[in-house]
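Only one structure is covered here, and it is reproduced in the block below.
Order of appearance sets the numbers: ligands from 1, and atoms from 1 within every ligand. Here the structure is a predicted model, which is why all the values come from computation and not from measurement.
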Amino acid sequence: MNKLKQIHAFAALILSSMLFVQYGCAQKQPSDLSAESIIPKPVSVTAGGGYFNLRQGTEIIVDGSSEELLKVGHYLAERLRPATGYKLEVKTAVKEPGRGIYLTLSGADPASGNEGYELTVTERLVKLTAAAPEGVFRGVQTLRQILPAAIEKASVQEGSWKIPTGTVTDYPDYSYRGAMLDVARHFFSVEDVKRFTDFLAFYKMNVLHLHLSDDQGWRIEIRSWPNLTSHGGSTQVGGGKGGFYTQEQYADIVKYAGERYITIVPEIDMPGHTNAALASYAELNCDGKARELYTGTNVGFSTLCTGSETTYKFIDDVIRELAAMTPGRYIHIGGDESHVTKVEDYIPFINRVQEIVAAHGKQVIGWDEIALATLKPNTIAQCWASEKNSNAAIGQGAKILMAPARKAYLDMQYDKTTKLGLHWAGYIEVDAAYNWDPATLIPGIVKENIIGIEAPLWTETITNIDEIEYMVFPRLPGYAEIGWTPAASRNWDEYKMRLASHGERFSAMGIDYYRSPLVSWPQGK
Ligand code: NGO
């Protein structure tokens with residue numbers, strides 16, 4: 001071969017190998033389930049290297065006759081239909097099909113608990129196995145997250161819907177993983193609450209705590225005390241018109257959450273934070289005079305009349321009606337910042353309210369101040385401000401729900417340029433929100449004491465769903481991961497890459513999020 005021929009042959013070789021690479025790519029893209037950005041990070045992921053193709057004609061097949069599992073099948077179909085435009089028929093079967101998406105309750109590892117699941121993807125079959133429908137539901141969220149981000153769009157998208165093959169085995173670290181929405185300072189519609197619930201579901205959270213009453217508004221219909229809503233619900237911070245949920249609307253919220261395996265924890269804050277009730281009924285005040293409605297943002301100025309039997313009749317009625325609307329085991333009684341209630345009145349008050357809640361078959365959660373009282377063995381103290389109170393609760397044998405303001409408050413500003421929110425507990429950037437361990441943050445509080453974590457969104461400064469989204473995203477996925485993934489498996493530098501890729505999902509869902517400079521968000525999205 002002469003020199004020229006040699007050059008030609010070399011060039012041909014280069015060209016053909018380039019073509020091969022291109023052609024090869026079009027044929028088969030690299031697939032790696034273990035590189036997918038799943039939040040919260042699962043316990044274990046093994047990659048298979050291939051793809052399952054979701055296509056027109058793919059069926060969702062539900063094992064056996066469980067009505068509940070069938071509903072999860074329909075929920076999955078509803079999530080996947082808008083963007084794909086596919087029919088995605090949901091069927092039942094008595095045995096494992098050869099192809100499709102298969103949901104089953106048989107063969108699960110019971111050690112994974114009710115929320116654990118196993119997701120096995122082969123080129124022909126996507127199989128979700130769990131001990132309970134709840135676990136399958138959690139696994140469905142993983143399935144959503146390993147599809148292209150456009151799956152979350154509300155209209156039909158061009159594209160192929162490939163799911164990488166492999167296996168995910170997963171279960172949560174803590175049993176209580178929640179967020180709180182304050183609907184008292186500003187009122188939010190049923191639709192807004194449902195959207196908020198969907199955010200929690202997507203990140204496998206299982207509790208929505210609703211702060212239903214405060215100085216500025218009473219938001220839940222109590223039929224035996226109608227002025228609470230007709231008058232007490234008629235305004236909000238800033239003087240807007242407020243609002244409230246009828247019992248039917250509230251039942252709709254509870255049902256919607258229940259279908260997402262999310263328990264609603266309703267809170268009626270007392271004895272402080274009660275101006276809306278005190279304005280609605282003169283007899284709840286020690287001086288017998290109704291208070292004016294309040295639309296400012298001060299705290300700690302109101303109290304129920306703790307020495308009056310009318311107060312306990314009122315509380316009994318409220319808790320009775322609320323308990324009847326609450327399938328979950330907890331009723332939150334607030335108990336925070338009762339600065340104008342003498343401690344010698346506060347203690348017997350909390351003790352008696354615990355008895356009322358127990359008489360209606362529910363368990364108490366209260367902010368950490370309730371540790372000043374004598375806690376019932378199953379009462380939960382929500383740690384938000386005081387290490388001393390939280391430790392006192394543990395000293396009485398109570399369990400702790402971790403919501404430390406300086407780490408977990410969703411109303412804290414990201415930094416000093418943030419326009420919405422407050423900063424009394426500090427600024428909470430996305431890394432600070434993620435980078436802590438509930439079991440080591442506070443001396444004296446260890447893992448065995450903790451039932452889980454909650455991220456509260458107080459709404460003195462938050463007036464609509466876009467503002468909610470801006471404060472919640474991108475911090476919420478981090479709180480979800482703290483609750484689900486053991487601390488030893490979490491690392492900010494690795495997490496922030498997964499979070500970045502969720503930016504595209506936030507956009508696909510139409511979420512208005514804070515583009516923290518600490519995260520490399522996708523461009524132009
Ligand atoms: C405190 C206070 C709330 C405020 C919130 C604002 C608790 C438990 N009580 O948290 O009334 O809205 O701070 O961040």
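- Ranking the protein heavy atoms by distance from atom 9 (N) of ligand 1 puts D336 OD2, 2.7 Å first.
- If you number the atoms of ligand 1 from 1 as listed, the ones under 4.0 Å from a heavy atom of L422 come out as 6 (C), 14 (O).
- Those atoms of ligand 1 with a heavy atom of M412 less than 4.0 angstrom away are 14 (O).
- Here the heavy atom of the protein found nearest to atom 11 (O) of ligand 1 is R185 NH2, 2.8 Å.
- Under the 4.0 Å criterion applied to side-chain N and carboxylate O atoms, E248 and R223 are assigned as salt-bridge partners.
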What do the steps show when you test E481 against Y434 for side chain to side chain donor-acceptor pair (under 3.5 Å), and what is the final call? CA-CA 8 Å; E481 182 152 309; Y434 178 82; 2.7 Å; yes

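- Among protein heavy atoms, the minimum distance from atom 2 (C) of ligand 1 is reached at E337 OE1, 3.1 Å.
- Summary of contacts: the protein heavy atom closest to atom 4 (C) of ligand 1 is E460 OE2, 3.3 Å.
- Relative ring orientation between Y414 and Y470 is described as perpendicular, the plane-to-plane angle rising above 60° on a 0-90° scale split at 30° and 60°.
- Put simply, part of H273 is less than 4.0 Å from ligand 1, judged by heavy atoms.
- Looking at N285, its side chain does come within 3.5 Å of a backbone N or O of K289 through a donor-acceptor pair.
- Between R320 and D317 there is a salt bridge, since at least one side-chain N of the basic residue sits less than 4.0 Å from a carboxylate O of the acidic one.
- Of all protein heavy atoms, the one lying nearest to atom 1 (C) of ligand 1 is W384 CZ3, 3.4 Å.
- The protein heavy atom nearest to atom 6 (C) of ligand 1 is D411 OD2, 3.3 Å.
- Between F137 and Y261, the two ring planes are tilted [angle within 30° to 60°].
- Proximity annotation for atom 3 (C) of ligand 1: of Y409, W424, W367, W458, W458 comes nearest, heavy atoms only.
- Between W424 and W384, the ring planes lie perpendicular to each other; the angle is over 60°, past the 30° to 60° tilted range.
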